[in-house]
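Both counts, for ligands and for their atoms, begin at 1 and track the order of listing.
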Amino acid sequence: MLKVGITGGIGSGKSTVARIFKLLNVPIYNADMRAKWLILNKPSVKESIIDLLGSEAYFHSGEYNTTFVAGKVFEDQNLLIKLNQIVHPAVKIDFEEWCFNKEGHYPYVIKEAAIMKNKIGLDHIIYVYASEEVRLKRILSRDHRTVEAIRRIMEKQFSEKEFRSISDFVIDNDSEMLIPQVLSIHKKLIS
Ligand code: ATP
């Protein structure tokens, strides 16, 4: 069973592309959603976050205090690195366990993630491309975010060149139709 990554910058269309693969019966692992779940539900992750940031990282109700955490890591870059060192390995293990349960049932599975620095643990990477201007327009009509906030996130993410350098397939979600591109990649992955 192949493990295939889908990545791309904010608003590039990763989830939209993943939804099309899902229609082809390909299981999708959403790394951001699973990270949020693990932060809330995996005791070892929760304990490590409290050790790092203090008990205010969680409300009494058990909810994650994202405002508090965002403030802490914004002040101190080192804390952000350490927080990622807690969450990223937990997601890696969770993904491996998820894959183990799918083994033998599907020709390939997909991991969708905005952060995919290299191909480690994956057989292929699909990069979803759309220009910054197109992404900005789409995000503005999807989210309540300011142009400045979106640009700040874009600046921190991989550049188009960096994304292309780690990818085996590129889906153009700027000016091309998505479905034929997804079908073409799907055919290659199952052949
Ligand atoms: P994020 O990085 O924020 O998780 P994403 O890469 O998963 O975003 P999507 O949520 O799939 O991106 O797409 C961003 C927005 O653009 C959504 O509102 C989606 O419906 C819209 N969109 C995606 N592809 C297209 C397209 N080809 N034409 C028009 N709108 C699109």
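Ligand 1 is never approached by Ser141 to a heavy-atom distance shorter than 4.0 Å. Ligand 1 lies out of reach of Ala114, whose nearest heavy atom is not under 4.0 Å from it. Ligand 1 has at least one atom lying under 4.0 Å from a heavy atom of Gly11.
Under a 4.0 Å criterion applied to the non-hydrogen atoms of Gly9, ligand 1 contributes the atoms 2 (O), 6 (O). With ligand atoms numbered from 1 in the order given, ligand 1 contributes 9 (P), 11 (O), 13 (O), 19 (C), 23 (C) to contacts under 4.0 Å with heavy atoms of Thr16.
Annotation for Asn173 and Val128: closest pair CB-CG1, 3.9 Å, computed over non-hydrogen atoms. Listed here is the closest heavy atom pair of Gln157 and Ile10: OE1-N, 2.8 Å. Closest approach of Val109 and Val26 over heavy atoms only: CA-CG1, 4.1 Å.
Atom 27 (N) of ligand 1 has as its closest protein heavy atom Asn173 OD1, 2.7 Å. Of all protein heavy atoms, the one closest to atom 12 (O) of ligand 1 is Gly13 N, 3.1 Å.
Taking the six-membered ring where tryptophan is involved, the planes of Tyr108 and Phe21 are perpendicular, since the angle between them exceeds 60° and thus also 30°.
Taking only nitrogen or oxygen atoms, main chain and side chain alike, Arg142 reaches within less than 3.5 Å of ligand 1.
In this structure, Lys36 forms no cation-pi arrangement with Tyr64, as its terminal cationic atom is not both closer than 6.0 Å to the ring centre and no more than 45° off the ring axis. A cation-pi arrangement is absent between Arg34 and Phe95 under the rule of less than 6.0 angstrom and at most 45 degrees off the ring axis.
The nearest non-hydrogen atom to atom 22 (N) of ligand 1, considering only Met33, Arg138, Glu112, comes from Arg138.
Here Lys14 has heavy atoms under 4.0 Å from ligand 1 in both its backbone and its side chain.
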Exercise for the section: Check step by step if salt bridge (charged side-chain N to carboxylate O under 4.0 Å, His left out) holds for Glu162 and Lys117. Expected result: CA-CA 9 Å; Glu162 287 168 314; Lys117 296 220 160 98; over 6 Å; no
